[in-house]
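Below you'll find the structure, written out as structure tokens, and then a few comments.
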There are 2 protein chains.
Amino acid sequence: MESSSAASGGSTRREATRQKLYEAAVTLIAEQGFSATTVDEIAERAGVAKGTVYYNFASKSVLFEELLRHGVGLLTASLREAAERTAREGGSKVDALDAMIRAGLVFIDRYPAFTQLYVAELWRTNRAWQSTLMVVRQQAVAVVEDVLRDGVAGGEFSEEIDVPLTAAALVGMVLVAALDWKSFQPERSLDDVHAALSRLLQGRVSGCR
Amino acid sequence: MESSSAASGGSTRREATRQKLYEAAVTLIAEQGFSATTVDEIAERAGVAKGTVYYNFASKSVLFEELLRHGVGLLTASLREAAERTAREGGSKVDALDAMIRAGLVFIDRYPAFTQLYVAELWRTNRAWQSTLMVVRQQAVAVVEDVLRDGVAGGEFSEEIDVPLTAAALVGMVLVAALDWKSFQPERSLDDVHAALSRLLQGRVSGCR
DNA sequence: GTTTTTGCACTGACCAGTCAGTTCAAATTC
DNA sequence: GAATTTGAACTGACTGGTCAGTGCAAAAAC
């Protein structure tokens, strides 16, 4: 069985509808939040009947959870790819972190709505999809932690750094700087933002040059 | 005329009720989001009848907006105080940034729910309180920008740094690291977190020691 | 002929906001 | 100082509207 046609991801009609629904849901939920977004709105924006939403997803929350998994999958793949490319090209671990910062910015540039929604939901408690979020967060942060640990092991980073905390802080720095960029200074170029963050990472703000 | 009793701030019954409502609303909205939180829940948690909420605030959104203003007022006061104290004691601008990082962490330690809610709502568009948020965000970031600008003027920081972007990144770094601390590693001490962020700020992660 | 989508009417729960009425402490009157 | 009035603060049942989710017959796509 397997209809099969495209390599991975499956290009059935069903898949195309689900994709349209993801796209509609992500912008609406980023703008308004999950509870303030109605299923009717999502269907309308996707150009699809309401019944179709329920034919494709068990419920509104399930649609949202799958959307989260889908988006974070794209992000981690992109981060990991950046780290590996740097390694292949013989770059240092700082270079790898720098490349990941850029990859993060590129991702946010392409999917600002998803990022917004992710940040808004990440630290909530008591919500149905909390466990999904935990898993998905760990996936992303783990990529950064791996690079930091390798750097410490290889003597490039100080032994004193706190890997989980530093990874979280780095991710936060990129996330918040990028959201601010998109919301409040959209005229700035990606290179500007990357340069500012790079400088901060390498301590070229205070003291050492 | 005028019942008058306490000096400033007003210690009327009304004020006490509003305070209870703020406290109830902040935790509920942090946990569930604005739209998912009902006015009945807020009233119940505050130990007050629903009508009282509407006697004290024009609407659910107005309650929320005043809550935001109230909370950010506390934060900026604390940040500014930290910067001024450092200046008074003859510290450098890096010392001032470091003190502000600590002040931020202390604030988040004390009011985690408020911080959570602030981050969750900050980058949303199309919401009634968007303009309130913009104003309130600028107040907080401006304190950091001022210190950076002074540092550049005094030759302590590189002329090349992008003040608004760097300020946003620093705020984001603290915000996200702190929320992660509270949500995922609450056993860590404030000093641990402060040390990790301090190290990052001073570039003692990569290269220069 | 099977899978997927449509369109639409319907239900039942939930919820923001309202309003007529209650409470009570302080002010006023006698 | 007891009796009465006042009004700010509070109450909670009620209303009108909204929305997630259902059911289903017919059409379209494959």
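Proteins get letters first, then strands, A, B, ... in listed order; numbering begins at 1 in each.
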Item to check | Sugar-phosphate, base or nothing in reach of A/T37, heavy atoms under 4.0 Å | outcome: sugar-phosphate
Q: Please check the phosphate of D/dA9 (OP1 and OP2 only) for any side-chain N or O of B/T17 closer than 4.0 Å.
A: no
Residues of residues 43-55 of chain A with a heavy atom under 4.0 Å from any atom of DNA chain D, listed by number, are A/K50, A/Y54
Rounded to whole Å, CD1 of A/I29 lies from P of D/dA20 at a distance of 11 Å
Here the distance between atom C1' of D/dC10 and atom CZ of B/R14, to the nearest Å, is 11 Å
Here the distance between atom P of C/dG17 and atom CG of B/L63, to the nearest Å, is 11 Å
**Prompt:** If we ignore angles and hydrogens, is there a donor and acceptor under 3.5 Å between the side chains of A/E23 and A/Q19?
**Reply:** yes
_Is it true that A/T86 and A/D95 share a donor-acceptor pair across their side chains at a distance under 3.5 Å?_
no
Taken to the nearest whole Å, NZ/A/K20 to P/C/dT4 is 15 Å
Of the candidates C/dT5, D/dA20, D/dC10, the side chain of A/T38 sits closest to D/dA20
Between B/L148 and B/A167 the two heavy atoms that sit nearest each other are CD1-N, 3.7 Å
Whole-Å distance, B/F57 CZ to C/dT18 C1', equals 18 Å
Whichever of A/A58 and A/A36 has the more 5' nearest nucleotide on DNA chain D, that residue is A/A36
B/L28 CG to C/dA16 P, in whole Å, measures 12 Å
Within a reach of under 6.0 Å around CD of B/Q185, are more than 12 heavy atoms found that belong to other residues, nucleotides or ligands?
-> yes
note: A/R18, atom CZ; C/dT4, atom P; distance rounded to Å ~ 11 Å
Separation of C/dC14 atom P from B/D40 atom CG, nearest Å, is 11 Å
When you measure from the centre of the six-membered ring of B/F34, is the NZ or CZ of B/R124 under 6.0 Å away and within 45° of the axis? no
Heavy atoms of B/L197 and B/A177 approach each other most closely as CD2-CB, 3.8 Å
Out of C/dA16, D/dG21, C/dT5, minimum distance to the side chain of A/K60 belongs to D/dG21
Quiz item: Is the B/F57 ring parallel, tilted or perpendicular to the B/Y22 ring (thresholds 30°, 60°)?
Solution: tilted
